[in-house]
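Atoms within each ligand, like the ligands themselves, are counted from 1 in listed order.
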Amino acid sequence: MKKPWAGRFRERTAKTVETFTSSIPFDRRLWKYDIEGSLAHVKMLKKQNIITSKDTDSIIRALEKIKRNIQKGKFQFRDDLEDIHMNIEYALVKEIGRTGGKLHTARSRNDQVAVDLRLFLRNEIEEIQKLIKLLQTVLVKLAEKNIDIIMPGYTHLQKAQPVLLSHHVLAYFEMFERDRERLKDCLERVNVLPLGSGALAGTTLPINRKYTARLLKFSSISNNSIDAVSDRDFVIEFLSAASLFMVHLSRFSEELVLWSSAEFGFIELPDAYSTGSSIMPQKKNPDVPELIRGKAGRVFGHLMALLVILKGLPLAYNRDLQEDKVPLFDTVDTVKACTAVLTEVMPKIKFNKKVMLKAALEGYSTATDLAEYLARKGVPFRESHNITGRIVKHCFEKKKSLMDLNLKEFKKFSKIIDKDVFDYLSVESSINKKKSYGGTAKRRVMNRIKQIKTGR
Ligand code: ARG
């Protein structure tokens, strides 16, 4: 096969080099965007009288035909044609002859691949935003339905203070809200048209970039042709937003793994979403959250790969940039798969309300409430903290809970303690008294749910 660029070459390309440099095995998935970009480009060329209406029409018709062939699986992607751009151009020339060669007027593969990637990512970000929104909806429903489940809140993975399960779950809602905001912000910089930058310097032909941008619904056009063909910041921004999102999915997954263990026993994962062991017949393993946790590492790796690929690159386009695709595509696929499976499994998880409550009752989790009770009566908090500490030590030695002490015993530690202290010691009252904004009081949590559902 004669290359489109074969003009200045004396030898044909070595087979090894063809295989080594080819990106078609992975960039073929850009075909839709490549054609979309070409259609807009050719319409612009016609509007600017750079090519005739007749040529434009036949190029458009042929591109539409190629599109249908690819959709039907009737298109043969060829390795010796390097990439998706040359594959489609070759098919075009095969279809309509010399006229097909006019499509590449005022264009280079360098600005072409950049536009394809931006169109692809713009679409995928919108898909991912929708998926995250679905996951959030599931979490809100779950929080609403289980508003009365009490669990221990943890610090240092030690029981700290009782909280509502809903409050804990909604913490993830807030993380995902920030993830969506970050993606929205990233989208602004993805949504810039690089086409019309040529190889790196622009073009002598009278193109109209604003028109192309309008056709492709880009909100702005790049200001510097050198930057436009060498910039992959938008990919890195996406990978970093995706990485942080994966951090959140991974932390959530870690909790599901812990909570489903016999040691915690807080939840039961549905059988249909668990797997067994090939040797230990009794086992039911939380492989789904484990894999989400593991896949987070893979996405962070992709972010690191792109940072390293870019860091030493001189301007403008270098073939190194072809290596952006596999990490980007794999991140998109991984993030979507993880979000979808978590959204599916969440409503099917069984929460063991009694076990969670029992765990919340252990570990003197209302000790802070007792200290705040004393502070409310005028005892400096540092003193009330100390008094409460001594009460806890006493209970610990006597194997009692705070609720087991009577008023006389409390008085031994502080005369200020009165019978209203018992209002502060149960986990229910502990939770309902956490009325500060953003706190775990049931009323607060219900308000937040209402806020979310009504869009504020
Ligand atoms: N396959 C290439 C890539 O993905 C397309 C651009 C190639 N440009 C070039 N001058 N070799 O980056």
* Asked: Is it the case that Gln322 and Arg319 place a side-chain donor and acceptor less than 3.5 Å from each other?
  -> yes
* Asked: Does NZ or CZ of Arg182 lie under 6.0 Å from the centre of the six-membered ring of Phe245, at an angle within 45° of the ring axis?
  -> no
* Cut-off 3.5 Å, side chains only: do Ser197 and Asp111 have a donor facing an acceptor? -> no
What are the polar N/O contacts of ligand 1 with the protein below 3.5 Å, with distances?
| from | atom 1 | to | atom 2 | distance (Å) |
| --- | --- | --- | --- | --- |
| ligand 1 | 1 (N) | Ser23 | OG | 3.3 |
| ligand 1 | 1 (N) | Asp83 | OD2 | 3.1 |
| ligand 1 | 1 (N) | Gln322 | OE1 | 2.8 |
| ligand 1 | 4 (O) | Lys325 | NZ | 2.5 |
| ligand 1 | 8 (N) | Asn110 | OD1 | 3.0 |
| ligand 1 | 10 (N) | Asn110 | OD1 | 3.2 |
| ligand 1 | 12 (O) | Tyr317 | OH | 2.4 |

* Under 3.5 Å, is there a donor-acceptor pair between the Gln48 and Tyr211 side chains? -> no
* **Distance under 6.0 Å and angle within 45° of ring axis: Arg448 vs Tyr437** => no
* Within 45 degrees of the axis of the six-membered ring of Phe26 and under 6.0 Å from its centre: does Lys325 put its NZ or CZ there? -> no
